[in-house]
Amino acid sequence: MTTRTRFAPSPTGYMHIGNLRTALYEYLIAKAQGGEFILRIEDTDQKRYVEGATDIIYATLKRVQMLWDEGPDIGGPVGPYVQSERKPIYKEYADKLVELGGAHYCFCKDMSDEKDENAPIVKFDDPCKHISLDEAKKRIAAGEPYVVRQNINKKGTSVFEDMVYGKIEIDYDELDEGVLLKTDGLPTYNFANVIDDHLMGITHVVRGNEYISSTPKYNLIYEAFGWEPPVYVHVPPVMKDAQHKLSKRNGDASFQDLVAKGYLPEAILNYIALLGWNPGTEQEIFSIDELKQVFTAERLNKSPAIFDGDKLKWMNGVYIRALSLDEFHKQALPYYKDLPASVNFKFLSSVLQPRVETLGEIPAEIDFIKKMPEYPLSLYQNKKMKTDEAIAKRALELSLNALKDVSDWSNEALFETLKTVAANEGYKNGQILYPVRVALSGKETTPGGATELAVILGKAETLKRLQDALNIL
RNA sequence: GGUUCCAUCGUCUAGUGGUUAGGACGCGGCCCUCUCAAGGCUGCAACACGAGUUCAAAUCUCGUUGGAAUCACCA
């Protein structure tokens with residue numbers, strides 16, 4: 001039997017990191033076995049539907065190369081793949097489940113809106129459970145609103161095996177007789193997931209561990225229909241800190257937020273793969289194709305993992321440095337928008353590439369290029385470089401003079417020129433180069449040294465800035 | 001509160017009875033160096049606690065503590 005997994009997000013308009021990681025594990029479990037990865041949209045809660053949300057889901061999965069074999073957009077043999085379009089299917093199976101004794105019709109008023117947070121937790125004992133099937137059908141035929149509610153008739157302990165957590169035992173007493181089919185005729189997750197997973201031939205159900213405690217209820221439904229339950233893979237949550245999950249509510253970054261901040265999708269994916277899973281080797285950098293080769297669900301972790309932004313940033317830096325210069329340049333280009341056309345952009349990229357861990361850091365690195373910032377003359381005093389204003393003035397005069405005649409405006413040639421100036425005049429390299437750097441950037445530290453700044457700015461701008469500096473010294 | 005689950009450096013983790021408890025991020029130092037980075041080397045840093053079992057426990061058992069999840073006509 002081929003392995004089939006599914007990613008079944010709600011269209012809430014936000015691809016959060018935990019969700020994406022679950023999708024990744026689903027994808028990898030399927031693909032490691034040469035299986036199929038299915039995309040299904042769980043939109044049974046009409047109140048939460050967000051316009052355009054499915055497009056974000058498609059775009060995100062495509063961006064990280066997690067391509068689905070069947071889904072709403074491309075179809076497949078067991079569609080439709082959007083739950084709201086499967087409404088008649090749920091109704092049919094709900095009625096069947098009632099016939100099989102696994103559920104009953106319930107006419108109670110919807111209490112969910114007036115639920116009291118502080119109310120003591122009491123198990124709901126549904127009076128409608130004792131209404132005869134004939135009478136229930138009559139009331140339904142008369143147009144009375146109803147829901148289908150699960151029956152938990154079993155006693156004792158439910159036992160099931162989870163690939164991550166092992167054997168889990170839960171008493172049937174703990175299970176509540178939840179709503180399966182809502183008044184609006186749409187199923188709850190508790191029903192839809194079972195029907196769809198079965199009908200779609202899903203072999204491995206991967207989901208957050210918050211579903212562990214309700215898994216026995218789903219097994220009861222599989223059992224009532226005489227269906228084989230899937231292999232369960234419950235994964236621990238991704239946390240913001242020790243007590244809070246990563247969530248939109250907390251303002252935590254989504255996949256698209258991270259991309260907007262200059263993180264590379266490949267790096268994000270690599271990082272989250274390692275949040276709760278490890279390959280058993282010391283390798284940390286993986287492409288998605290490499291993950292397909294080495295992934296096994298057995299190495300999934302049981303405990304929650306805290307999202308470490310520092311490590312993501314480091315890993316993103318690794319990916320940025322691994323880019324070819326051309327590729328990095330292409331990615332950096334949008335951040336150069338405001339710079340004058342005279343800038344040596346390609347060279348700028350080569351200087352920036354090893355110095356930024358996210359593309360978003362670029363603007364702060366290059367702000368001095370567009371416009372020479374104001375700076376205090378005291379910046380020319382630097383004890384490590386052995387410079388002060390007087391030495392700086394002399395250094396700038398000598399540099400300006402020497403640079404005027406340079407025609408090969410390359411870093412090597414410029415560096416040789418200024419080194420020669422230093423040697424001829426009895427200065428240390430830094431005594432010449434540091435003042436030039438300040439004069440060109442107004443900063444103590446810059447991406448690249450003095451001569452690299454000169455290359456970036458170009459000859460005309462370099463000479464102009466040196467002269468400007470001289471004018472105020 | 002009931003139930004279920006979890007527990008190795010600050011963080012992500014390796015480890016399945018015998019290891020100097022390993023790696024990575026971060027942090028400190030050194031080297032390199034026209035600053036800052038990058039790169040190389042290096043240092044600090046963990047088995048939550050308490051009982052057992054065993055010649056031997058981070059690894060097995062029990063308890064304690066701490067944490068999480070769940071108990072919706074949300075998923």
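Owing to the predicted nature of the structure, the values given are computational and were not obtained by experimental measurement. No hydrogens, no waters, no symmetry mates; every other heavy atom, side chains included, goes into these values. Reminder, nothing fancy here: chain letters follow the sequence lines and each chain counts from 1.
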- Residues passing the side chain to side chain contact (heavy atoms under 4.5 Å, CB included) test with A:E397, sequence neighbours excluded, are A:K393, A:R394, A:L470
- Where does the angle between the aromatic ring planes of A:H234 and A:Y232 fall among parallel (under 30°), tilted (30 to 60°) and perpendicular (over 60°)? parallel
- Tell which nucleotide pairs with B:U11, taking only Watson-Crick or G-U wobble pairs whose two distances are both under 3.5 angstrom. B:A24
- Query: Watson-Crick or G-U wobble partner for B:U59, using a 3.5 Å limit on both distances?
  - Reply: none
- Message: Quiz question: going by heavy-atom distance under 3.5 Å, is there a donor-acceptor pair between the base of B:A75 and the side chain of A:Y211?
- Response: yes
- Task: State whether A:D367 and A:K443 are salt-bridged, where the test is any N-O pair (Lys NZ or Arg NE/NH1/NH2 against Asp/Glu carboxylate O) under 4.0 Å.
- Result: yes
- Under 4.0 Å protein heavy-atom contacts per nucleotide of nucleotides 7-12 of chain B, with B for base, S for backbone only and - for none: S---BS
- Options B:C74, B:C25, B:C5, nucleotide nearest the side-chain atoms of A:W314: B:C25
- Item | Aromatic plane relationship, A:Y105 with A:Y146 - under 30° parallel, 30 to 60° tilted, over 60° perpendicular | perpendicular
- Partner nucleotide of B:U64 by Watson-Crick or wobble geometry (both distances under 3.5 Å): B:A48
- Does A:F415 lie flat on the base of B:C34, that is, centres under 5.5 Å apart and planes under 30° off? yes
- Side-chain donor/acceptor of A:R437 to base of B:C34, under 3.5 Å: no
- Message: Do the side chains of A:K129 and A:E177 get close enough for a salt bridge, i.e. N-O under 4.0 angstrom?
- Response: yes
- Query: Hey, is A:K245 close enough to A:E210 for a salt bridge, meaning N to O under 4.0 Å?
  - Reply: yes
- Item | Carboxylate-amine/guanidinium contact A:K87 A:E85, below 4.0 Å | no
- Message: Does this structure show an ion pair linking A:D45 with A:R48, if we count only N-O contacts that are shorter than 4.0 Å?
- Response: yes
- Message: Is the phosphate of B:A69 approached by A:N209 (side-chain N or O, under 4.0 Å from OP1 or OP2)?
- Response: no
- If a protein heavy atom is under 4.0 Å from the base, mark B; if only from the sugar-phosphate, S; if neither, -; do that for nucleotides 39-49 of chain B going 5' to 3'. S----------
